[in-house]
**Q** 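The structure that follows is given in the form of C-alpha cells.
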Amino acid sequence: MTILYTIGLGVLSALIVGFLVRRLMLTGTGAARNTIVSLIMGLSIWPITLQAYKLLGISESDQYPNLSMSFPAIMVFLLLFAWFIVIQMFVLLAIELIMPSGTLSSLIRNAPKIPTWYRRVNRLAQIQKILIKFGLSRYLRPRIPTLRVSLREIAATTRDALAASGVTFIKLGQFIATRGDMIPHEFVEEFSTLQAGVKPVPFAEVKDQLEARWGRPVAEVFAEFDEKPFAGASVAQVHRAVTWEGRVVAVKVQRPKIRKQVRADCDIVLTLADRLDRTTDWAKKIGIAKLARSFVESLQGELDYRGELAHIEALRLADETGRSTTKTDSVVHIPHVYKELSGEFVIVMDLVEGSPLSHGAEVVDNLSEIARREIAQDLFLMVVRQVLGKGIFHADLHPGNIVVSSAGRVGLVDFGAVGRIDKRDRRAIALLLMAFDSQNSQAATAAILELLGTPSEVNLRELQREIGQIMLKYGDGAPGSTSAALFGELIDFVVDFGFPMPASVATAFRAISTLEGSITRLVPELNLLALVTQNGKTLLREVGGLGVDRHEMTLYAAATAPQIAELPGQISRIAGHLQDGTLDVGTSGLNIATIKNLLVSTVEQFIQVIVSTALILGGVILMAADFGPALAPELKLFTYFGAWMLLAGSVIAALVLAPALRQRMTWEGLG
C-alpha cells in the first residue's frame, strides 16, 4: 500500500511540477519530454525527501507526507519540492538546447527519406573525392583565397572537376559562363569550354516515355523514326523522324530519370555553395550562394519543355512580325513546332538541315563571301528584332546553336535559354551601342545610368572619363575591339564602380557578345560595332526612336495625373507640419513604440540578471555561513533561507534564459 501511495503521490507531484514548469518557462518544451521528466522528478521527490530527513536529523515515522508532520519536516519538504521545480526547468532547457522541440517527431516523419539521404550523402562523398582529386579542397579552407589569388588556376581546375562530376555540374559550369555580371571573366572563359560528352540512352528507355505522351505506339505517330539519336546533350537527345505528311522533324526527348538525378545534385550544389559562402572570402564576394539558387531555378525550368515551347512560339512571332514590318525575307529561320506532339518531356519541331556552326567549317568555307555576309547580317537583324524590338530573345546563340546548310540557309536550335527585357532598357541598350559606335562618352554614360541607376556617392565626371577610356580602347578598329571584350570590360567596370547589374541586362549583353563570336566564324573581319554602324537606322526603328513617342506620353500623363492632382494638398500638409514643428523627415521606417518596448524589455532583462545574480551570491554566502538558530539538528535557519534565496535567483535566471531560447529558436526557424 505504501508503494502504491508513493507512486500516486509521484504522479500527482509530476502533474503539479509539470504544470508549474510550463507556466514559468513561457516557452514550449514539448509535451512528451515534459511529461517524462515530470514523472521521473515526481516519483523521486518523496524518496529523496526521506533521505534528506535522515541527513538533517529530522525524525519522521510516516512513509508519506501529511499535515501532522513536524514544522521542520514541512519546511524542508516545501524547499525540496521548489528545488525540484527549478531543477526540472533547467533540465528541460538543457534538453531543448541539445534537441529542440519537434526533433523526434521530425525524425519519425522523415524516416521514409532515409534512403534518399543515404544516396545524397553517397553522392556528396563522390563529389568530395573529385574535389580532392583535382586539388580543389585547398580552396575550401577559410584562409585561402581572395580574388587576388590566381583565379585562372581556380577556374581551370574547377572546370575539370565539373566535367568529371556529371550532367548537373556540367550544366552548372555552362550556366556560370553566362553570368559575367557576377563572376570574374576567368571563370566565364574557362567554363564556356565545358561540353557534355554524354552517351545516348538506348531507344528502349525513351520509347515508353514517348508513347505515354502520345497515347499510341511510335510507329503510328511517324512514318519513319530513327532509333539512333543524331544529336545529344546533357539533358536530352534528338532523333530524326518523318511524319505521315512527309515532313522531316526532330524529336527532342528528355533522358529518363534525369530529373531525380538533377534534384539530388541540385541539393548538393546548394549545400556546397552555402559552405563556400560561409568559409571563403572569394565565394562570398562573387555571391556564390545567390548564383547557385539562380542556377537551380534555371535548371528546373529547363527540365519542363513546355517553357521552351512557349519561348519558340514567342520568338517566331517576334521574327515574323519584324519581317512583315520591314517586308524583307531572311535566310535565318526559327523551326516550326508541332504542339500536339510536344509536352513536358518531348518537343517535336521541323528538322533544321545542315551542320552546327561550331563544326561546320567545311560548309562555311564552301559558301561565297556574299552568302556568308548575308547570313551574318540576317543573324544580327534577327537579334536586333528580338532584343530591341520585342524584348524576348535567344540568350545563347553560340556556334553550336546555329545550324548552317550548304544552300546558305540557317536555323536556330535549343531555345531553353531565353531572355526578356523591358522597353526602357531596350532603348538604353540601343543608345549605348550607338554611343560606342560614335565615340560619345556622354551619351554612353547617360545610357548606363538609365540602365543601372545611379549608386550613392558616384562621381559622374569620373564615371564619364572612365567610359571614355574604354571607348578609346575599343573604338576605331583597335586590336581586340570585339563586343565580347567590350561588354566583358564594361560589366567588370560597372560592377567595380558599385552599380547593381540586373540579370536581364547582363543576359542581353551576353546574347549580343555571344552572337558576335558566331558571326566572326562566318566573316572574321566583321564585328558588332561595324554592324551597328551599318544598321543604325534599323536599331532606331526597332525601339521606336530614342525619344518618347506620343502614345507613351499619353500613358505617362494618365499615370501621373492623380499624383499631380494631389500635389497641392500634400504641399499644404507639409507647410502645416513645418508651422507646428511636427514634420517627420525620413523616419517613416522607425516605429517609436517598438523602440520604446525594446528599450523597456532590455532594461527589464538587465535588472533581472542583476537581481538573480545578487540572490544567487547571497544564497551561497548564507548557506556557507552556517550560523543562526537551528531549524533542525543539522540545519541552521540562515542556511535554510540561503537555499531559498539561491532557488529564487535560479528561477529568475531561468525566466531570463527561456525567452532568449525561444527567440533563438524563432530565428533558426526563419533561417
Side-chain angles (χ1 to χ4, degrees), residues 1-27 29 33-95 608 611-658:
M1 186 67 183
T2 303
I3 295 176
L4 293 176
Y5 192 89
T6 302
I7 294 174
L9 179 63
V11 173
L12 179 62
S13 300
L15 293 174
I16 297 173
V17 171
F19 173 77
L20 292 176
V21 168
R22 297 280 286 189
R23 298 288 293 180
L24 286 172
M25 288 186 67
L26 302 176
T27 183
T29 57
R33 69 183 61 181
N34 190 43
T35 301
I36 294 171
V37 175
S38 297
L39 283 172
I40 294 172
M41 302 293 286
L43 293 172
S44 305
I45 288 177
W46 186 244
I48 292 176
T49 301
L50 292 177
Q51 292 299 318
Y53 287 167
K54 292 180 181 180
L55 291 174
L56 298 175
I58 299 174
S59 176
E60 285 294 333
S61 59
D62 295 323
Q63 297 300 310
Y64 47 84
N66 58 69
L67 295 177
S68 63
M69 291 191 305
S70 65
F71 178 74
I74 293 175
M75 298 300 289
V76 170
F77 177 77
L78 292 176
L79 176 63
L80 289 175
F81 189 87
W83 265 108
F84 267 75
I85 293 176
V86 175
I87 291 171
Q88 181 168 332
M89 291 174 65
F90 279 99
V91 167
L92 289 173
L93 280 174
I95 295 174
Q608 287 176 343
V611 172
S612 67
T613 304
L615 287 173
I616 290 172
L617 290 176
V620 171
I621 292 172
L622 285 176
M623 291 178 67
D626 192 25
F627 66 90
L631 182 63
E634 299 296 332
L635 178 63
K636 296 294 192 299
L637 186 61
F638 285 169
T639 302
Y640 180 80
F641 284 139
W644 276 105
M645 288 180 64
L646 181 60
L647 182 145
S650 301
V651 170
I652 296 175
L655 294 177
V656 173
L657 286 173

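Position 1 is the first residue of the sequence, and the numbers go up from there. Since the model is a prediction, treat every value here as computed from it, not as a measurement.
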**Q** Using 0.5 Å steps for rounding, measure from the CD1 atom of Ile74 to the CG atom of Leu79.
**A** 14.0 Å
**Q** If you measure from CH2 on Trp644 to CG on Leu78, what distance do you get to the nearest 0.5 Å?
**A** 6.0 Å
**Q** Partners of Ala648 by side-chain contact (heavy atoms from CB on, under 4.5 Å), sequence neighbours excluded?
**A** Leu615
**Q** So, for Ser650 and Trp83, which heavy atoms are closest and what is the spacing to 0.1 Å?
**A** OG-CH2, 4.0 Å
**Q** Of the non-hydrogen atoms in Ser612 and Gly649, which two are nearest, and what is the gap between them?
**A** CB-O, 3.4 Å
**Q** For Phe638, what residues pass the ring pair (Phe, Tyr, Trp, His ring centres under 6.0 Å) criterion, not counting sequence neighbours?
**A** Phe627
**Q** Any idea which heavy atoms bring Pro633 and Gly57 closest together, and the distance?
**A** CG-O, 3.3 Å
**Q** Could you pull out all residues at least two apart from Ala52 that satisfy side-chain contact (heavy atoms from CB on, under 4.5 Å)?
**A** Leu80
**Q** Provide the closest heavy-atom pair for Ala73 versus Ile58 in the form atom of the first, atom of the second, distance.
**A** CB-CG2, 4.0 Å
**Q** Rounded to the nearest 0.5 Å, what separates atom CG in Leu55 from atom CG in Leu50?
**A** 11.5 Å
**Q** Find the distance between CG (Leu646) and CG (Leu617) and round it off to the nearest 0.5 Å.
**A** 9.5 Å
**Q** Could you pull out all residues at least two apart from Leu635 that satisfy side-chain contact (heavy atoms from CB on, under 4.5 Å)?
**A** Leu56, Val76, Leu631, Ala632, Thr639, Tyr640
